[in-house]
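Keep in mind that what you see is a predicted model, and the values were worked out from it rather than measured. In what follows, chains are A, B, ... by sequence order, proteins preceding strands, each numbered from 1.
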Protein chains: 2
Amino acid sequence: MNPTIKDVAKRANVSIATVSRVLNNLGGYSDKTKQKVNEVIRELGYQPNAIARGLINKRTHTIGVLFPNVSSAFSSDILQGVEDYAHGRNYSIVVCNTDDDGKRTLKYLQLLREKQVDGIIFSSSVLKEEYYEAIQAMNVPVVLVSSESNYATVPYVKVDDCLAACDAVEYLIGKGHRKIAMISGGKEDVLAGSPRVDGYLRALQKHQIPFDSRYLVYGDFRFESGCIQFEALLQTVPDVTAVFAASDEMAIGVLSAAYKLGIRIPDDISVIGFDGVQLSNMVVPPLTTVSQPLQEMGKIAAETLIRSIETGETAEGIIVSHSIVERQTVRTLT
Amino acid sequence: MNPTIKDVAKRANVSIATVSRVLNNLGGYSDKTKQKVNEVIRELGYQPNAIARGLINKRTHTIGVLFPNVSSAFSSDILQGVEDYAHGRNYSIVVCNTDDDGKRTLKYLQLLREKQVDGIIFSSSVLKEEYYEAIQAMNVPVVLVSSESNYATVPYVKVDDCLAACDAVEYLIGKGHRKIAMISGGKEDVLAGSPRVDGYLRALQKHQIPFDSRYLVYGDFRFESGCIQFEALLQTVPDVTAVFAASDEMAIGVLSAAYKLGIRIPDDISVIGFDGVQLSNMVVPPLTTVSQPLQEMGKIAAETLIRSIETGETAEGIIVSHSIVERQTVRTLT
DNA sequence: CTGAAAGCGCTTACAG
DNA sequence: CTGAAAGCGCTTACAG
C-alpha cells in the first residue's frame, strides 16, 4: 500500500500532527523537524490522501460540470476554458453528459452530491425546477453558462442572445440583404431559441422589413437540421438571399446542403452563423458568424464559481460581449 | 448541514451499523427495520457521503482521463465514449488537459493520485517513462487509448496505424493515383507519426511506386499545418494528384487551402484523411477518410479499465478495426 | 516547538 | 436481527 501520514511520522520520529503541520505549512515546528519530515516524505514518496482530507475539510476541490453533449464543438470549447482555469486553481473537473435528459441529469446531480463536489457548472440547458431543487439540497454554489434561469439567485455567464442575433441580422441588412431567412434552434427553447428569434424580428422591424413567417424555420442546433431546413427554405422561399442560422453547426449544415445542391455560397446565398466555434474557421468557405467567447465564458464561469465556493458570496450574472467575425460566407448585395 | 448516517440512525431508533446495512443491502435486519430506515432516509433526504465511503473502501469510483487537448474533435469523441460507459457503471470521470506538456501531465498524475482515482485512461500521447513510473507508484491500472507503449504490461486500445495508412494509400492507388503525397503528423511521433508513414511507404512499395521524399511532408495533426503543408506541396510537387493526410484536421486544412487557391477537390486533387471525426462529414466536400471508431474505442477503454479495477487482472492490448469511409474528396483517375 | 486525542462519515468484523 | 467499537487517513483544538 501507499505510505500514509503514520508511516511518515514513525519514520521521522515525530507525531502525525507534526507531519500534518509541515505538510500544510502551518508553522509551529523547528527547521530541523521540517527538514527531517520532508526528507522522509521524499524517501517514502508520500502523497497526502485527498479523500481523508476532504472528509475533514468538507472540501473536495472538485467541480461538477454538466453538458447536454460533451463532444459537441460548443461544449468542448467551454470545457477547455473551465478545465484550464480550474486546474490553475487546483480544482479538478468531473464531466457529466446529460444528453439533455431529465432523469440522467438528476442522477448526475445526485452522484455529484454523494461525491461532495464543491460546486457545479451547468451549461447550455434550461435549469429546470427539479434540478434547481436538487442543487439547493446539495448546498453548493452553481453557475450557469450559456443559460439563465428565473430563480433570481442563480448566477450565469452568457451573451445577450437577442442583441447578438439582432446584430447578426443587421449585419446582413447592412450588406444589402432584405430577403433574410432564419433557421432557429428549438421552437420551445427559451435559452437560445426564442431570444434569437426575437433578435431577428427586432432587426427586421428596425429596418422596416416586414416579417414573413415563411422565412423562419426551426431546427435543433445540430448539423443535420441545418441541411434539412435549408432545403425546406429553398422550396418555400427560393428568393431568399441570406440565411441566419442560430448555431454554427446549422450554418455548416447550410453550407453542406448548398454544396450538394450546387448553390454557391456566398455568391448565390449568404450565410451567417452563431457561436464562433473553432470549427467555423475550418470549413469551406470560412464561416462568417456571431462569436461567443466560449472558452472565456468557461473560464469566467469557473472563476465565478470558485470565488463563490471560497468566499461564500453569491455571484452576479454576467453578460459577456459577442462579436461578429467576418469571414467569407456573406456577400454584399448591390 | 446535510444529514449524516447518524441523523438517520437517531431518528429511526437504530444504530448506524444497521442504517449502513440497509443502505448497502447487506441483509441482517427485519423488514420492519428496513421500512423504518428507508422512510427516515426519504424524510431527511439523506444521501451517503461517497468521500467517507471511499476512505474505507479504498475505492472512489472515479477514473482520471488524460488528453493532450480535450477540446479537439478527436478527444471529444473518445471522451464521449468513455464517459457514457463509465457513467453506466457508476464511475465518474475527471478530465485532465495535459497540453502534451510533461510538467503538466506529471502534476495531473500527482493530483489524480491524491484524489485516489481507481484507474487512469491515457489518450493519444506517448507514455513517457516518468509517467509510467508515476502511475506505477499510484498502484492503479491504466489503459492507453490511441497510444501504445514499450512497457509490455500496459494495455491499449488502438487501430493498426500502419495498416490503416497502408489501406488509405492503397485506396488512392486503386483509384488510379500514382503521384500521392502524404502530410504526416510530427516527425518524431512514434504513435501516429512514423507508423502511418510506414504504411504509406509500404503501400507504395507494394505497388511498385518509387518513393520520392519530396512527396512526404510533416505537419502536427492540426488544421493550420494541413493548410501550410499543402501549399508547400503544391510548390515542390505540382503534379501531385492525391494527398493522404494523417489526420482529418489536416485534411480539412487541405480543403481549406485548396479553396483559397482555387483548386477544386476532388476534380483537381484528391484528398483522404485519417480519424473519422464527426466533423469529417460536415465539411465541404464531405471528406473521404480512414475512420477509427473513436467513441467505441473510448468505450472499450473504459470497459477494460473497469474490469481491471474490479477484478485486479491486467488486461491485454486491443487492436480495433478501421474502415475507409468513402465520401466525396477522392476521384477516380482515368 | 510538539504530541495525545477527538472527530470527519462511513464500513465491518465481533459479540450477543 | 442488532449494536458497540475499531478504524480508514487525515486535521485541529487543546495542553504542555
Applying salt bridge (charged side-chain N to carboxylate O under 4.0 Å, His left out), which residue pairs with at least one partner in residues 40-53 of chain B are found, sequence neighbours left out?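 Applying salt bridge (charged side-chain N to carboxylate O under 4.0 Å, His left out) to every pair that reaches into residues 40-53 of chain B, excluding sequence neighbours, yields R11(B)-E43(B).
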Both distances under 3.5 Å, Watson-Crick or G-U wobble: on that basis, could you give the dot-bracket string for DNA chain D, with [ ] for crossing pairs and | for other-strand partners? |||.||||||||.|||
In whole Å, what is the span from the NZ atom of K36(A) to the P atom of dG3(C)?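 Distance, rounded to whole Å: 14 Å.
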Residues in side chain to side chain contact (heavy atoms under 4.5 Å, CB included) with [X], at least two apart?
X: A315(B); value: P155(B), T304(B)
X: K58(B); value: none
X: N13(B); value: none
X: A302(A); value: V82(A), Y85(A), I121(A)

State whether T18(B) places a side-chain N or O below 4.0 Å from either non-bridging phosphate oxygen (OP1 or OP2) of dC1(D).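 Looking at the OP1 and OP2 atoms of dC1(D), neither is under 4.0 Å from any side-chain N or O of T18(B).
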I'd like a table of donor-acceptor pairs (distance under 3.5 Å, sequence neighbours excluded) in which one partner is a side-chain atom from residues 106-113 of chain B, with atom names and distances.
| from | atom 1 | to | atom 2 | distance (Å) |
| --- | --- | --- | --- | --- |
| Y108(B) | OH | E83(A) | OE1 | 3.0 |
| Y108(B) | OH | E83(A) | OE2 | 2.3 |
| R113(B) | NH2 | G45(A) | O | 3.1 |

Could you write nucleotides 6-16 of chain D as a row of B, S and -, 5' to 3', where a protein heavy atom under 4.0 Å of any base atom gives B, of only sugar-phosphate atoms gives S, and otherwise -? -BBBBBBB---
Enumerate the residue pairs fulfilling ring pair (Phe, Tyr, Trp, His ring centres under 6.0 Å) with a member in residues 39-76 of chain A, sequence neighbours excluded, ordered by first and then second residue.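 Found H61(A)-Y91(A).
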Identified side chain to side chain donor-acceptor pair (under 3.5 Å) partner of K115(B) from the options T60(A), T62(A), N49(A):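 One option only clears the test, and that one is T62(A).
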